[in-house]
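Data first, discussion second: the structure below is written as structure tokens.
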Amino acid sequence: MNRTISTLRRMILGTAALALAGMAGGAAAQQAARPPEPPAAMPQRPPSPWKTVEADYAAPNFRFHTGETLPRLNIHYATLGTPRRDAQGHVTNAIMLLHGTGGTGRGMASAAFGNEVFGPGQMFDIARYFIVMPDGIGHGGSAKPSDGLKAAFPKYNYLDMVNAQRALAGHLGIDRFELIGGQSMGCMHSWVWATTYPDAMKRILPLACTPTAIAGRNRMFRKMLIESIKSDPAYMDGNYTTPPVYGLREANFILSFSTSTAQTLQRQFPNREAVDAHIDRLVQSAPRQDANDMIYQFDASRDYNPEPDLGKIKARILWINSQDDFVNDPFAGEVPRMAAKLKPEQFMMIPFGPETVGHGTTMRPRLWGDRVAALMHE
């Protein structure tokens, strides 16, 4: 696998070198006369005005699909809005929003996303709905390998993550959600919810995924990322005492190419100084990351495949992808193949354009808000 990763790196660097060589002759004189451009500042995310309430729930005797159990599985979660209850005490206005790989529930309340959906009269108006945003197993404040078990932590999968979310729902008194939706990994969790517990929601909103087994380039980048960490001698089969920084750096490099587009990267890093500063940040972040947490996060999708059970879904569906998504590239064939299994009104493809940014395009609600607003009124 080391050879595969090294080959990938040589291919990327080699392609860049050929392109630069072709441009070098005509630009040499101009470059000599032009002063170096200053590094482009990284765009800063504005602070979110959506002040979440955060809490923890310890699910007792949680059983994983492997048969392993933990006496207490901590689930951290954030909420917005106020629950409304019926005469039996069940919450009647709940929405669950699910984050992507490596993220946290609180990320779904970012300014960029929340300002488009949570305000008065908007599709998930918190004066009307109770929003639940859990940290998935292995993420944020929820139970994860780095809490102490390291590689002895149960090898969770997406079904385990959904079952933990379901345990949290029961704790909160939620039998049926108005909507379950999420981006990337949260998108896949939405499909698992709808096929495994079809009576648990009225609607699903999967954003940026495909309801079939992960293979091709999607699985390749995940497996390469995992093996890059494991191949670092400092990893020590998950029992490391210091971070395997070389493996984590390789993983960050692979990940940096997998969720964006050439156009987006060009806009973000328009000169050499900006690119080099970004690479330096990736290198510097490696010692602060936990290797087991990252491996578990990306390996949890290994047996994901809701396709055989799509006929079990009772919820209204609006699945949204974008044309420029490297992870779920429509040119790979799986997105159009799966879309053909649905009714036309159940699928939306966001066309490539000036506002699309790759895998994160679906986190821009203004590109799909009208469709979801209509879904919420059905």
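Computed from a predicted structure; not experimentally measured.
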| request: Step by step, work out the side-chain contact (heavy atoms from CB on, under 4.5 Å) result for F298 and L255. | output: CA-CA 11 Å; F298 282 93; L255 190 57; 3.7 Å; yes
| Steps toward side-chain contact (heavy atoms from CB on, under 4.5 Å) verdict (I95, M376) | CA-CA 11 Å; I95 288 174; M376 296 305 294; 4.1 Å; yes
| query | What do the steps show when you test E178 against F130 for side-chain contact (heavy atoms from CB on, under 4.5 Å), and what is the final call? | reply | CA-CA 10 Å; E178 288 291 311; F130 177 55; over 6 Å; no
| request: Run the numbers on Y158 and D303 for side-chain hydrogen bond (donor to acceptor under 3.5 Å, both in side chains), then give the verdict. | output: CA-CA 8 Å; Y158 282 177; D303 55 359; over 6 Å; no
| Can M294 and N252 be said to form a side-chain contact (heavy atoms from CB on, under 4.5 Å), step by step? | CA-CA 10 Å; M294 184 176 282; N252 285 338; 4.0 Å; yes
| message | Using the rule given for side-chain hydrogen bond (donor to acceptor under 3.5 Å, both in side chains), can you reason through E334 versus N218, listing the C-alpha separation, both sets of side-chain angles and the distance that settles it, and then say yes or no? | response | CA-CA 11 Å; E334 291 297 85; N218 194 338; over 6 Å; no
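Remark: the backbone N or O of T264 is paired with a side-chain donor or acceptor of T261 at under 3.5 angstrom. Under the 3.5 Å distance criterion, the side-chain polar atoms of N321 are left unmatched by any main-chain donor or acceptor of I350. The main-chain N or O of P145 is never found under 3.5 Å from a side-chain atom of N292 such that the two would form a donor-acceptor pair. Under the 3.5 Å distance criterion, the side-chain polar atoms of D147 are matched with a main-chain donor or acceptor of K144. When atom types are taken as modelled, the side chain of T195 and the backbone of V192 share a donor-acceptor pair closer than 3.5 angstrom. With hydrogens and angles ignored, the 3.5 Å screen pairs no side-chain donor or acceptor of T356 with any backbone N or O of F352. Judged by distance alone, the side chain of T210 and the main-chain N or O of T212 form no donor-acceptor pair under 3.5 Å. Looking only at distances, a side-chain donor or acceptor of N93 sits under 3.5 Å from a matching main-chain atom of R84. Side-chain atoms of N115 come within 3.5 Å of backbone N or O of A111 as a donor-acceptor pair. In terms of modelled atom types and a separation under 3.5 Å, the side chain of S190 and the main chain of I204 share no donor-acceptor contact.
Contact check on K341 versus E307 returns a salt bridge, with a Lys/Arg side-chain nitrogen under 4.0 Å from an Asp/Glu carboxylate oxygen. In summary, R176 and D199 do not engage in a salt bridge, as defined by a charged side-chain N under 4.0 Å from a carboxylate O.
The shortest side-chain heavy-atom distance between L225 and R222 does not fall under the 4.5 Å cut-off. Taking 4.5 Å as the limit, every side-chain heavy atom of F326 sits out of range of all side-chain heavy atoms of H359. Proximity of L205 to F124: side-chain heavy atoms (C-beta onward) are separated by under 4.5 Å at one or more points. Side-chain contact between R316 and Q346 is absent, with no heavy atoms from C-beta onward closer than 4.5 Å. The shortest side-chain heavy-atom distance between M133 and L80 falls under the 4.5 Å cut-off. With contacts defined as side-chain heavy-atom distances shorter than 4.5 Å, the pair N157/Y304 does not qualify. Counting only heavy atoms from C-beta outward, the side chains of P211 and L310 approach each other to under 4.5 Å. Within the 4.5 Å cutoff, the side chain of I174 has no heavy atoms near those of the M96 side chain.
Using the six-membered ring where Trp is involved, F177 and W193 have ring planes that are perpendicular, over 60° apart on the 30 and 60° scheme. Between H171 and Y57, the ring planes lie parallel to each other; the angle is under 30°, not in the 30° to 60° tilted range. Using a 30° and 60° split on the angle between ring planes, F113 and W368 fall in the tilted class, from 30° to 60°.
More than 12 heavy-atom neighbours from other residues, nucleotides or ligands sit within 6.0 angstrom of CG on D276. More than 12 heavy-atom neighbours from other residues, nucleotides or ligands sit within 6.0 angstrom of CZ on R371. Within 6.0 Å of CZ in R364 there are more than 12 heavy atoms belonging to other residues, nucleotides or ligands. Heavy-atom neighbours of R267 CZ from other residues, nucleotides or ligands within 6.0 Å: above the threshold of 12. More than 12 heavy atoms of other residues, nucleotides or ligands lie within 6.0 Å of CZ in R203, so this atom counts as buried by the packing criterion.
Under the 4.5 Å side-chain contact rule for hydrophobic residues, M108 and L168 do not share a cluster. In the hydrophobic clustering of ILVMFWY residues, with side-chain heavy atoms under 4.5 Å counting as a link, I214 and Y156 come out together. Cluster annotation: M348 is not connected to I317 through the hydrophobic network of ILVMFWY side chains, with a link wherever side-chain heavy atoms come within less than 4.5 Å. In terms of hydrophobic clustering, with Ile, Leu, Val, Met, Phe, Trp and Tyr side chains grouped at heavy-atom distances under 4.5 Å, I137 and Y296 are assigned to a common cluster. Both M363 and F118 are assigned to one and the same hydrophobic cluster, defined by single-linkage of ILVMFWY side chains at heavy-atom distances under 4.5 Å.
For the atom pair CH2 of W50 and OG of S110, the computed distance is 11.0 Å after rounding to the nearest 0.5 Å. The structure places OG1 of T92 at 10.5 Å from OH of Y129, a figure rounded to the nearest 0.5 Å. In this structure, CD in E68 is found 9.5 Å from CZ in F153, a value given to the nearest 0.5 Å. Rounded to the nearest 0.5 angstrom, Q165 CD and H189 NE2 are separated by 6.0 Å. Summarising the geometry, atom OG belonging to S322 is positioned 9.5 Å from atom CG belonging to D329; distances are rounded to the nearest 0.5 Å. With values rounded to the nearest 0.5 angstrom, S184 atom OG is found 7.0 Å from N328 atom CG.
Across R72 and A58, no two heavy atoms sit closer than the pair NH2-CB, 3.3 Å. Of all heavy-atom pairs between R302 and K155, the closest is NH2-O, 2.8 Å. Across all their heavy atoms, A151 and D237 have their closest contact at CB-O, 3.7 Å. Nearest heavy atom pair, residue E54 against residue A78, reads CG-CB, 4.0 Å. Counting all heavy atoms, side chain and backbone alike, L73 lies closest to A164 at CD2-CB, 3.9 Å. For the pair L172 and V91, the tightest heavy-atom approach, listed with the atom from each and the gap, is O-CG2, 3.4 Å.
Annotation: cation-pi pair K150/Y240 present, NZ/CZ under 6.0 Å from the ring centroid and within 45° of its normal.
Of the residues D135, T104, D56, the one that meets the side-chain hydrogen bond (donor to acceptor under 3.5 Å, both in side chains) test with H76 is D56. Considering T69, N74, N163, I75 in turn, N163 is the only one that fulfils the side-chain contact (heavy atoms from CB on, under 4.5 Å) rule with F62.
Inspection of the D293 and S146 side chains reveals an N or O donor paired with an N or O acceptor under 3.5 Å. With hydrogens and angles left out, the side-chain atoms of Q263 and D324 include no donor and acceptor closer than 3.5 Å.
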